[in-house]
Asker: 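Here you go, one structure.
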Amino acid sequence: MPTPRNNIQKMDLTLTEEQLAVRDAARDFAQNVLKPGVIARDTEQRFPTDEVKQLGELGFLGMMVDPKYGGGGMDAVSYVLAMEEISKVDASASVVMSVNNSLVCWGLETYGTEEQKQKYLTPLAKGDVIGAFCLSEPEAGSDATSQRTTAIDMGDHYLLNGTKNWITNGGSASTYLVIAQTDADKGHRGINCLIVEKGMEGFVVGAKEDKLGIRGSDTHTLMFQDVKVPKENRIGEDGFGFKFAMKTLGGGRIGIASQALGIASGAYELALAYSQERTAFGKVISKHQAIAFKLADMATEIQAARLLCLKAANLKDQGKEYALASSMAKLFASKVAMEQTVEAVQIHGGYGFVKEYHVERMMRDAKITQIYEGTSEVQKIVISRTLLKD
Ligand SMILES: Cc1cc2nc3c(=O)[nH]c(=O)nc-3n(C[C@H](O)[C@H](O)[C@H](O)COP(=O)(O)OP(=O)(O)OC[C@H]3O[C@@H](n4cnc5c(N)ncnc54)[C@H](O)[C@@H]3O)c2cc1C
């Protein structure tokens, strides 16, 4: 029978030298490269093209991929640390990182064939190109089983028809993982995931969305009309597509939870600094208990969100089941991000309402973390079903 002492190792929350080095490199990049242009990119809805290229060169776009496929071979804990630092400054850049790492590279590496890995994963992991994950449709959001996009089996290829919407990296990606229904009679067991290349005949990228937040990211509708996708571009066995999407989103939620954590901690750090500079009624506002207590709540909730993110990542690194932990991390961290960015604006008073002080952007960016990769309601469905299952 193991004693509590035997379990001490498992509760060790100390970060390794390597993990700290990754965090510091991400922090340097965020503060020195991303921060200077972040307000302009948000205002102009400009994709961070040069910055994403540099993220790739630094190894942040394929962090967990095996080095033999051009990746960084890092663990999921390092990924959380890097996502937090990048998201503290620029959530539009960090969503590119999250989609490429968790939704595209992970799925290809875990379920792709050797040929698919050589051809598609390697350039994605190196950051030479970026990828997109295409599940949502105008009539299939939370209810992702209602796929209207079809991939008809034509023998040596699939004929792809339909529309995907809200696709992150939609205009800037080169490689798209597209979920589509092959056999409607089989329901979600008749869905496949196909690797589609930009430029395939019949594939059209629609207009870019004009968004509330993460305005520097590139969100598009995609149209497929009689696109011929070779059979060898299907991921996994026939009918594996829905399971592929759900497994992939399980890991993706660690990325979005870490993005939410970063948005919250970025706003908190700005609010903390501002509260020690701004004077009202003869003292800095942090000396007013109402403000000091806000800071105490913010720091505590952010730390709880961080621990949930690290817990999910640690389970993944140990090869253990992490879907429940990643849903909990996303549900909680996104709530913290939304609530605490509002508080950060409040601590800044009127200055918080203008772009120059960053926190209004963070408040707008925070909202999406409660919506994409499964809304908060969907996370509660995932969590409660796991808790209640026999
Ligand atoms: C900026 C942005 C980027 C995105 N990027 C991508 C991407 O890269 N790839 C991709 O595939 N998708 C992407 N999405 C789509 C995103 O994942 C969906 O918007 C999300 O899953 C919700 O789907 P929906 O918008 O159709 O809302 P709906 O599913 O219509 O939900 C509307 C509301 O009803 C609630 N609801 C629905 N069903 C239930 C239920 N059973 N019980 C309780 N409440 C329920 C929802 O929680 C929500 O509050 C992105 C979206 C945005 C806005």
Side-chain angles (χ1 to χ4, degrees), residues 42 45 47 52 87 90-107 124 130-149 162-181 191 193-196 198 205-224 241-242 244-253 255-257 259-260 263 326-327 330-331 334-335 337-338 361 364-385 388:
D42 171 73
Q45 299 196 79
F47 185 79
V52 167
S87 307
D90 188 349
S92 294
S94 73
V95 72
V96 181
M97 192 174 145
S98 180
V99 167
N100 208 67
N101 276 287
S102 318
L103 298 188
V104 182
C105 287
W106 182 83
L124 285 161
I130 57 171
F133 178 81
C134 315
L135 175 66
S136 299
E137 299 184 358
E139 304 298 327
S142 302
D143 181 7
T145 54
S146 302
Q147 293 288 308
R148 304 258 169 105
T149 299
T163 301
K164 295 287 172 183
N165 66 347
W166 312 122
I167 304 305
T168 301
N169 300 341
S172 35
S174 297
T175 304
Y176 299 75
L177 304 188
V178 181
I179 313 295
Q181 187 84 49
I191 290 174
C193 177
L194 305 180
I195 307 169
V196 176
K198 182 179 260 164
V205 176
K208 181 170 166 165
E209 299 293 344
D210 183 359
K211 308 191 295 290
L212 169 75
I214 56 164
R215 286 167 58 81
S217 76
D218 187 27
T219 316
H220 289 258
T221 295
L222 308 177
M223 279 86 75
F224 305 95
F242 189 72
F244 171 83
M246 294 304 111
K247 288 272 180 200
T248 303
L249 286 171
R253 286 166 187 155
I256 300 305
Q259 181 189 44
I263 296 170
S326 68
S327 278
K330 183 180 184 283
L331 175 65
S334 61
K335 179 170 176 282
M338 197 64 252
R361 183 188 71 256
R364 288 186 283 107
D365 288 350
K367 186 61 208 168
I368 192 59
T369 66
Q370 295 184 304
I371 296 173
Y372 57 18
E373 297 199 23
T375 62
S376 295
E377 291 77 13
V378 166
Q379 302 313 321
K380 289 184 192 183
I381 293 173
V382 172
I383 294 165
S384 58
R385 274 192 191 151
L388 297 169

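Because the structure is predicted, anything quoted here is derived from the model rather than measured. Start at 1 and go down the list; that is how both ligands and their atoms are numbered.
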Asker: Do E377 and ligand 1 have an N or O pair less than 3.5 Å apart?
Answerer: yes

Asker: Check if I381 has a non-hydrogen atom at a distance under 4.0 Å from any atom of ligand 1.
Answerer: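 Contact check I381 vs ligand 1: positive.
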
Asker: Atoms of ligand 1 less than 4.0 Å from K211 heavy atoms?
Answerer: 1 (C)

Asker: Within the structure, does at least one protein heavy atom fall under 4.0 Å of atom 34 (O) of ligand 1?
Answerer: no

Asker: Between T168 and ligand 1, does any nitrogen or oxygen pair lie at a separation below 3.5 Å?
Answerer: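 Indeed, backbone or side chain, T168 has an N or O that close.
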
Asker: Set out, in order, the CA-CA distance, both residues' side-chain angles and the distance that settles side-chain contact (heavy atoms from CB on, under 4.5 Å) for Y372 and T219, then state yes or no.
Answerer: CA-CA 12 Å; Y372 57 18; T219 316; over 6 Å; no

Asker: What's the shortest distance from atom 12 (N) of ligand 1 to any protein heavy atom, and which residue and atom give it?
Answerer: S136 OG, 2.7 Å

Asker: Can you name the atoms of ligand 1, numbered from 1 with element, that are less than 4.0 Å from a heavy atom of E373?
Answerer: 17 (O)

Asker: So, are D210 and R215 salt-bridged, with charged N and O less than 4.0 Å apart?
Answerer: yes

Asker: Among all the protein's heavy atoms, is there at least one whose distance to atom 41 (N) of ligand 1 comes out below 4.0 Å?
Answerer: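 Within 4.0 Å of atom 41 (N) of ligand 1, protein heavy atoms are found.
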
Asker: Take K330 and Q259 through the side-chain hydrogen bond (donor to acceptor under 3.5 Å, both in side chains) test and state the conclusion after the steps.
Answerer: CA-CA 9 Å; K330 183 180 184 283; Q259 181 189 44; over 6 Å; no

Asker: Could you tell me whether atom 51 (C) of ligand 1 has at least one protein heavy atom nearer than 4.0 Å?
Answerer: yes

Asker: side-chain contact (heavy atoms from CB on, under 4.5 Å), that's the test. Do D42 and S92 meet it? Break it down for me.
Answerer: CA-CA 8 Å; D42 171 73; S92 294; 5.8 Å; no

Asker: For atom 20 (C) of ligand 1, grab the closest protein heavy atom and report residue, atom and distance to one decimal in Å.
Answerer: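 Ranking protein heavy atoms by distance from atom 20 (C) of ligand 1, first comes I371 O, 3.7 Å.
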
Asker: Between the candidates A144, G141, C134, S142, which shows the shortest non-hydrogen contact distance to atom 29 (O) of ligand 1?
Answerer: S142

Asker: Touching ligand 1 at all, V99? Heavy atoms, strictly under 4.0 Å?
Answerer: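 So V99 does not count as touching ligand 1.
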
Asker: Of all the heavy atoms in I368, does at least one lie under 4.0 Å from an atom in ligand 1?
Answerer: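 Within the 4.0 Å threshold, so yes.
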
Asker: Go through M97 and V52 one step at a time and tell me if the side-chain contact (heavy atoms from CB on, under 4.5 Å) criterion holds.
Answerer: CA-CA 8 Å; M97 192 174 145; V52 167; over 6 Å; no

Asker: Please tell me if the side chains of N169 and F47 come closer than 4.5 Å, counting only heavy atoms from C-beta onward.
Answerer: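 A side-chain contact under 4.5 Å exists here.
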
Asker: Say you draw a straight line from CG of L177 to CG of L124; how long is it, rounded to the nearest 0.5 Å?
Answerer: 8.0 Å

Asker: Which heavy atom of the protein is the closest neighbour of atom 13 (C) of ligand 1, given with residue, atom name and distance?
Answerer: W166 O, 3.1 Å

Asker: Under a 3.5 Å threshold, yes or no: a donor from one side chain and an acceptor from the other, between E377 and S142?
Answerer: no

Asker: Within the 4.5 Å heavy-atom criterion, are L135 and L249 side-chain neighbours or not?
Answerer: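 Side-chain contact under 4.5 Å: yes.
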
Asker: Is D143 in polar range of ligand 1, meaning some N or O pair under 3.5 Å apart?
Answerer: no

Asker: Please check whether V378 reaches ligand 1 - meaning an N/O of the residue sits under 3.5 Å from an N/O of the ligand, judged on distance alone.
Answerer: no

Asker: Taking atom NZ of K211 and atom OG of S217, what is their separation to the nearest 0.5 Å?
Answerer: 3.5 Å

Asker: Kindly confirm or rule out an N or O of F133 lying under 3.5 angstrom from an N or O of ligand 1.
Answerer: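 Looking only at distances, the answer is yes, because the N/O contact criterion of under 3.5 Å is met.
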
Asker: Is a side-chain donor or acceptor of H220 paired with a backbone partner of G206 at a separation under 3.5 angstrom?
Answerer: yes

Asker: Can you tell me which portion of T375 lies within the under-4.0 Å heavy-atom range of ligand 1? Options are side chain, backbone, both, or neither.
Answerer: side chain

